[in-house]
Amino acid sequence: MADNSSAAVLGTGIMGAAMARNLLVAGLEVLVWNRSKEKAEPLAEDGAKVADSPAEAADGADFLITMLPDAEVTAEVVWGVALDSLADGAVWIQTGTVGVEGCENLSKLAVEKNVAFIDAPVLGTKAPAENGELIVLASGPEDVKEKVSPVFEAIGKKTTWVGEAGSGSRLKLVTNNWILGLLATLGETVAFAEELDVDPEEFLEAIGGGPLDLPYAQMKAPMMISGDYPTSFPLKLARKDAGLVLEASGDLPMKVSEAAAALFDAAIESGRGEEDMAAIREGVKEGRGS
Ligand code: NAP
């Protein structure tokens with residue numbers, strides 16, 4: 001469905017660029033800004049206008065969409081936006097994984113600037129983002145739900161509304177905790193199989209199609225087996241997410257996520273931070289003998 005609203009997308013990394021393309025396909029006018037302009041420039045071929053600053057992108061926009069690594073960077077970038085230069089009734093939609101406290105800080109910033117704020121982190125990685133098949137965990141004021149629906153329809157296949165702003169980020173962290181545990185145990189299982197001279201492919205075949213199977217394992221294990229980690233989700237950002245989970249857990253013991261964080265750290269130390277999070281398997285290797 002065509003839409004003549006305009007959206008400023010700030011941050012055109014793996015996720016932001018794919019989202020911007022799908023907003024263009026849906027017929028929105030899209031202005032993009034990225035710290036390294038060369039990463040935003042290819043979007044011009046898809047019809048986006050490439051801005052030199054966050055303020056230029058946001059000028060007159062109906063939607064301000066931020067897809068940045070964390071709350072600190074998001075606040076810094078949005079601070080440079082003349083929020084009062086957005087269109088009347090504009091909505092700021094934050095889609096990054098920013099954590100509980102981070103989201104509270106961004107929400108306060110929106111209140112200070114008198115802009116409606118939707119917290120909408122997403123589930124899904126590079127391919128679902130490219131295919132407009134993300135799952136949006138949306139939270140925020142009821143009265144802008146309808147207004148933002150064309151954006152969510154463009155970038156995702158499902159939107160789950162979960163209450164007031166911040167609830168989306170809470171649910172996202174719960175989901176991330178689940179992913180972290182799965183990935184860490186998968187990395188260790190592949191390493192363990194090799195240790196026992198079991199071909200890890202046989203493990204995948206054994207669980208295939210049964211109750212122990214998991215599409216996520218079938219997607220990430222081949223990278224671990226080949227040792228080639230083309231990036232869908234940068235490992236350093238997965239480590240950031242582990243930190244957000246641990247920070248939000250208070251005094252609840254989170255041994256599995258702590259272990260995952262340590263494996264990510266080992267992988268980062270061995271230079272794998274920019275590779276896919278599946279390189280956690282290399283963190284398992286690094287821990288050998290320690
Ligand atoms: P990415 O490809 O690494 O892109 C990060 C973006 O943030 C780039 O545009 C980068 O600009 C920008 N950036 C980094 N530091 C900055 C700074 N100090 N000032 C201004 N801009 C800065 O990351 P991504 O995978 O798109 O992830 C973005 C967010 O989505 C993160 O919160 C991540 O946790 C979340 N997320 C990712 C996935 C996934 O599978 N990839 C899935 C769900 C959620 P430069 O190009 O200049 O570096």
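Counting starts at 1 for both ligands and their atoms, in listed order. The structure displayed is predicted, hence computed values, not measured ones.
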A.B. asks: Hey, does the side chain of S169 reach the backbone of V98 with a donor-acceptor pair shorter than 3.5 angstrom?
C.D. replies: no

A.B. asks: Is there a side-chain contact between V122 and M15 (heavy atoms, below 4.5 Å)?
C.D. replies: yes

A.B. asks: Does the N or O separation between S36 and ligand 1 drop below 3.5 Å for any pair?
C.D. replies: yes

A.B. asks: Heavy atom under 4.0 Å from ligand 1: found in P234's side chain, backbone, both, or neither?
C.D. replies: side chain

A.B. asks: Quick test: of every protein heavy atom, which one is nearest to atom 14 (C) of ligand 1, and how far off is it to 0.1 Å?
C.D. replies: P69 CG, 3.3 Å

A.B. asks: Regarding Q218 and D213, do their side chains bring together a donor and an acceptor under 3.5 Å, going by distance alone?
C.D. replies: yes

A.B. asks: Can an N or O of M15 be found at a distance shorter than 3.5 Å from an N or O of ligand 1?
C.D. replies: yes

A.B. asks: Please say whether G16 places an N or O atom under 3.5 Å from an N or O atom belonging to ligand 1.
C.D. replies: no

A.B. asks: Provide, to 0.1 Å, the distance between atom 28 (C) of ligand 1 and the closest protein heavy atom, together with that atom's residue and name.
C.D. replies: M67 SD, 3.9 Å

A.B. asks: Could you say whether the N/O atoms of V73 and ligand 1 ever approach to under 3.5 Å?
C.D. replies: no

A.B. asks: Please could you name the atoms of ligand 1 that L68 approaches to less than 4.0 Å, counting only its heavy atoms?
C.D. replies: 7 (O), 12 (C), 21 (N), 29 (C), 31 (C), 32 (O)

A.B. asks: I'd like to check which ligand 1 atoms, numbered from 1 as shown, lie under 4.0 Å from a non-hydrogen atom of S232.
C.D. replies: 39 (C), 40 (O), 41 (N)

A.B. asks: Going by the atom numbers of ligand 1, which of them fall below 4.0 Å from some non-hydrogen atom of T125?
C.D. replies: 39 (C), 40 (O)

A.B. asks: Between E269 and K285, is there a side-chain N and carboxylate O pair less than 4.0 Å apart?
C.D. replies: no

A.B. asks: Taking C-beta and beyond as the side chain, do L186 and F203 meet within less than 4.5 Å on heavy atoms?
C.D. replies: yes

A.B. asks: F152 ring centre to K158 NZ or CZ under 6.0 Å, with the angle to the axis within 45°?
C.D. replies: no

A.B. asks: Just to be sure I read this right, does ligand 1 sit under 4.0 Å from the backbone of K172, its side chain, both, or neither, counting only heavy atoms?
C.D. replies: side chain

A.B. asks: Which protein heavy atom lies closest to atom 46 (O) of ligand 1, and at what distance to 0.1 Å?
C.D. replies: K39 NZ, 2.7 Å

A.B. asks: What do you reckon, does D70 have a nitrogen or oxygen under 3.5 Å from a nitrogen or oxygen of ligand 1?
C.D. replies: no

A.B. asks: Enumerate the atoms of ligand 1 whose separation from the nearest heavy atom of G11 is less than 4.0 angstrom.
C.D. replies: 9 (O)

A.B. asks: Do any nitrogen or oxygen atoms of T95 lie less than 3.5 angstrom from nitrogen or oxygen atoms of ligand 1?
C.D. replies: no

A.B. asks: Identify the two heavy atoms, one from W92 and one from L106, that lie closest to each other, and give their separation to 0.1 Å.
C.D. replies: CZ3-O, 3.6 Å

A.B. asks: Among all protein heavy atoms, pick the one closest to atom 27 (O) of ligand 1 and tell me residue, atom and distance.
C.D. replies: L237 CD1, 3.5 Å

A.B. asks: Any salt bridge (charged side-chain N to carboxylate O under 4.0 Å, His left out) pairs touching residues 229-250, not counting sequence neighbours?
C.D. replies: K236-E274, R239-D265

A.B. asks: For T97 and ligand 1, does the shortest N/O to N/O distance drop below 3.5 Å?
C.D. replies: yes

A.B. asks: Could you give all pairs that pass the salt bridge (charged side-chain N to carboxylate O under 4.0 Å, His left out) test and reach residues 52-80, with sequence neighbours left out?
C.D. replies: K37-D52

A.B. asks: Drop me the distance from D46's CG to L24's CG, to the nearest 0.5 angstrom.
C.D. replies: 6.5 Å

A.B. asks: Where on I14 is there a heavy atom closer than 4.0 Å to ligand 1, on the side chain, on the backbone, on both, or on neither?
C.D. replies: both

A.B. asks: Taking the side chain as everything from C-beta on, heavy atoms only, tell me whether V91 gets closer than 4.5 Å to I93.
C.D. replies: yes

A.B. asks: Quick one: does M223's side chain get under 4.5 Å of D228's, heavy atoms only?
C.D. replies: no

A.B. asks: Nearest to atom 18 (N) of ligand 1, what protein heavy atom do you find, and at what distance?
C.D. replies: R35 NH1, 3.3 Å

A.B. asks: What protein heavy atom sits nearest atom 42 (C) of ligand 1, and how far off is it?
C.D. replies: G124 O, 3.0 Å

A.B. asks: Under 4.0 Å from ligand 1, counting heavy atoms only, is it the side chain of T12, its backbone, both or neither?
C.D. replies: backbone

A.B. asks: Report the nearest protein non-hydrogen atom to atom 34 (O) of ligand 1: residue, atom name, distance rounded to 0.1 Å.
C.D. replies: K240 NZ, 2.9 Å

A.B. asks: If the test is salt bridge (charged side-chain N to carboxylate O under 4.0 Å, His left out), which one of R281, K126, K220 qualifies with D276?
C.D. replies: K220

A.B. asks: Tell me: protein heavy atom nearest atom 10 (C) of ligand 1, and distance?
C.D. replies: N34 OD1, 4.1 Å

A.B. asks: As an exercise, identify every atom of ligand 1 less than 4.0 angstrom from a heavy atom of G96.
C.D. replies: 32 (O)

A.B. asks: For the residue pair K113 and W79, would you count it as a cation-pi contact if the rule is NZ or CZ under 6.0 angstrom from the ring centre and within 45 degrees of the ring axis?
C.D. replies: yes

